[in-house]
Visitor: 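Take this structure, written in structure tokens, and hold onto it; I'll ask about it next.
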Amino acid sequence: MRSMERAELAARIDQTLLKPTVSMREAHEWMQRNAGLGFASLCVSPFLVPLAAEVLAGTPTAVCSVVGFPLGYSLTETKTEEARQLVELGCLEIDMVMNVGAFLGGEVAVVQEDVAQVVEAVRRASHGRGLVKVILETGYLDEDQIAEASRLSVEAGAHFVKTSTGFGPRGASVEDVRIMRQAVGDRAQVKAAGGIRDLDTALAMIEAGADRIGTSSGAEILAALEASAGS
């Protein structure tokens, strides 16, 4: 496993706060602690997006939020409107949950249209600057389904495919990431999320092909990297 500099690792992390019990005050303190650490984004629940946009203004860290979260079965029109509103509030990265039930039922056109509509809404609202990550919820899928869902998402315009919400039957695995990387090639990026709480796991996911890591333990992972470099 190759070594990695702190800044490079930080720029691969979406530092995440999606607990349903977090207050505005707690979220504000968390944002202030993490705003200067060099993360790719802070990923927060939709109602926290305006606050995150304010705190992160002038920093290289983007605001990320979620759409159709965590179950994915919202109407496409609902997902599209939510994505549009979030971008207008200052969010440039949208992590949307795939309609897992439609996918497992073979409704490929429904899944692709769902993704494509959100991608288009984000493109329009962000003037082409926004990114859409499609959460597959791999814990519900077998290996062939993970590969197929990855390809469908990219064909619909997704910029990333992502493993998990962190609220499903399991989190990310190294094998999930390998399958997704092979399925999308260089047409899209891969985000591993769900249960990634330590440096070794984060690096293993990157080694397997993850471009981004979604975690609520980003600060601890960076501290562990610095400690290992100094030992």
Side-chain angles (χ1 to χ4, degrees), residues 1-19 22 29-45 59-62 64-66 69-70 93 95 97 131 133-143 145-147 149-150 153 158-186 188-231:
M1 188 179 296
R2 72 181 182 87
S3 61
M4 185 170 290
E5 296 296 326
R6 182 198 179 284
E8 181 186 0
L9 180 57
R12 288 177 176 262
I13 292 175
D14 289 345
Q15 174 75 324
T16 302
L17 185 68
L18 293 172
K19 293 178 181 178
V22 174
E29 293 172 355
W30 177 87
M31 291 172 195
Q32 290 179 317
R33 288 197 306 272
N34 288 281
L37 298 183
F39 293 121
S41 78
L42 298 189
C43 186
V44 299
S45 55
T59 78
T61 299
C64 174
S65 193
V66 291
F69 195 86
E93 300 198 4
D95 289 19
V97 186
L131 298 176
K133 309 178 198 125
V134 177
I135 305 171
L136 308 183
E137 202 66 281
T138 52
Y140 292 122
L141 311 178
D142 63 26
E143 292 184 4
Q145 290 168 333
I146 292 169
S150 297
S153 297
H159 304 93
F160 280 78
V161 287
K162 176 180 170 182
T163 56
S164 321
T165 61
F167 290 81
R170 65 171 175 83
S173 74
V174 166
E175 188 59 24
D176 291 341
V177 173
R178 288 197 184 109
I179 293 166
M180 293 161 71
R181 178 83 276 159
Q182 185 174 10
V184 305
D186 60 1
Q189 298 189 73
V190 175
K191 177 175 173 179
I196 302 172
R197 301 185 181 91
D198 58 65
L199 176 62
D200 288 344
T201 303
L203 293 178
M205 296 294 177
I206 292 169
E207 187 74 12
D211 301 285
R212 289 275 188 96
I213 300 296
T215 179
S216 59
S217 303
E220 293 82 359
I221 288 170
L222 293 181
L225 181 68
E226 292 176 328
S228 67
S231 60

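Bear in mind the structure is a predicted one, so any value in this text is a computation, not a measurement.
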Visitor: Measure across Val177 and Ala210 and return the closest heavy-atom pair with its distance rounded to 0.1 Å.
Guide: CG1-N, 3.5 Å

Visitor: Under the side chain to side chain contact (heavy atoms under 4.5 Å, CB included) criterion, do Lys191 and Asp14 qualify, and how do the steps go?
Guide: CA-CA 9 Å; Lys191 177 175 173 179; Asp14 289 345; 2.7 Å; yes

Visitor: Please name the pair of heavy atoms, one in Ala11 and one in Ala40, separated by the smallest distance, quoted to 0.1 Å.
Guide: O-CB, 3.3 Å

Visitor: Is any side-chain heavy atom of Val184 less than 4.5 Å from a side-chain heavy atom of Phe160?
Guide: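 Heavy-atom side-chain distance check fails, nothing below 4.5 Å.
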
Visitor: What are the two closest non-hydrogen atoms of Thr61 and Ala35, and how far apart are they?
Guide: OG1-O, 4.0 Å

Visitor: Using atom types as modelled and distance alone, determine if a side-chain donor or acceptor of Thr201 lies under 3.5 Å from a backbone N or O of Arg197.
Guide: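 Pair absent, no side-chain N/O of Thr201 close to backbone of Arg197.
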
Visitor: If you round to the nearest 0.5 Å, how far is CG of Leu225 from CZ of Arg6?
Guide: 8.5 Å

Visitor: Looking at every non-hydrogen atom in both residues, tell me the closest pair between Ala158 and Val134 and how far apart they are.
Guide: CB-CG2, 3.6 Å

Visitor: May I ask you to test the Leu203-Glu207 pair for a side-chain heavy-atom distance under 4.5 Å?
Guide: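 They are not in side-chain contact.
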
Visitor: First locate atom CE of Met180, then atom CG of Asp211, and finally report the distance between them rounded to the nearest 0.5 Å.
Guide: 10.0 Å

Visitor: Can you check side chain to side chain contact (heavy atoms under 4.5 Å, CB included) on Ser150 and Arg181, steps first, answer last?
Guide: CA-CA 9 Å; Ser150 297; Arg181 178 83 276 159; over 6 Å; no

Visitor: Taking the side chain from Ser164 and the backbone from Ala193, do they hold a donor-acceptor pair closer than 3.5 Å?
Guide: yes

Visitor: Quick check for you: to the nearest 0.5 Å, what is the distance between Gln145 atom CD and Ile179 atom CD1?
Guide: 11.0 Å

Visitor: One pair to check against side chain to side chain contact (heavy atoms under 4.5 Å, CB included): Ile196 and Met205. What are the steps and the verdict?
Guide: CA-CA 9 Å; Ile196 302 172; Met205 296 294 177; 3.9 Å; yes

Visitor: Quiz question: by atom type and distance under 3.5 Å, do the side chains of Gln15 and Ser216 form a donor-acceptor pair?
Guide: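 No pair is found: no donor N or O on one side chain lies under 3.5 Å from an acceptor on the other.
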
Visitor: Decide whether Thr163 and Asp176 meet the rule of one side-chain donor and one side-chain acceptor closer than 3.5 Å.
Guide: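 Judged by distance alone, the side chains do not pair up.
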
Visitor: Are any non-hydrogen side-chain atoms of Leu199 and Ser228 less than 4.5 angstrom apart?
Guide: yes

Visitor: Taking the side chain as C-beta and beyond, is there a heavy-atom pair between Leu18 and Phe69 under 4.5 Å?
Guide: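 SC-SC contact between Leu18 and Phe69 confirmed.
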
Visitor: Taking all non-hydrogen atoms of both residues into account, name the closest pair between Asn34 and Phe39 and its distance.
Guide: OD1-CE1, 3.4 Å

Visitor: Please walk me through it: do Val66 and Val97 pass side chain to side chain contact (heavy atoms under 4.5 Å, CB included)?
Guide: CA-CA 8 Å; Val66 291; Val97 186; over 6 Å; no

Visitor: What I'd like to find out is whether the side chain of Arg12 reaches to under 4.5 Å of the side chain of Ile206, using heavy atoms alone.
Guide: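 Contact flag for Arg12/Ile206 side chains = yes.
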
Visitor: If we check side chain to side chain contact (heavy atoms under 4.5 Å, CB included) with Arg212, which of these qualifies: Leu131, Ile13, Val190?
Guide: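 Looking at Leu131, Ile13, Val190, the match for Arg212 under the side chain to side chain contact (heavy atoms under 4.5 Å, CB included) is Leu131.
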
Visitor: Roughly how far apart are Leu9 CG and Ile213 CD1, rounded to 0.5 Å?
Guide: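 Leu9 CG to Ile213 CD1: 8.0 Å, rounded to 0.5 Å.
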
Visitor: Could you grab the distance from atom OG of Ser65 to atom CG of Asp95, nearest 0.5 Å is fine?
Guide: 8.5 Å

Visitor: Any idea which heavy atoms bring Ala208 and Val174 closest together, and the distance?
Guide: CB-CG1, 3.7 Å

Visitor: Quick one: do Glu137 and Arg170 make a salt bridge, cutoff under 4.0 Å?
Guide: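 Arg170 and Glu137: not salt-bridged.
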
Visitor: So do His159 and Glu93 actually touch side chain to side chain, heavy atoms under 4.5 Å?
Guide: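 In short, these two side chains do not touch, never coming nearer than 4.5 Å.
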
Visitor: Taking atom CD of Gln182 and atom CD of Glu143, what is their separation to the nearest 0.5 Å?
Guide: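 The CD atom of Glu143 is 10.5 Å from CD of Gln182, to the nearest 0.5 Å.
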
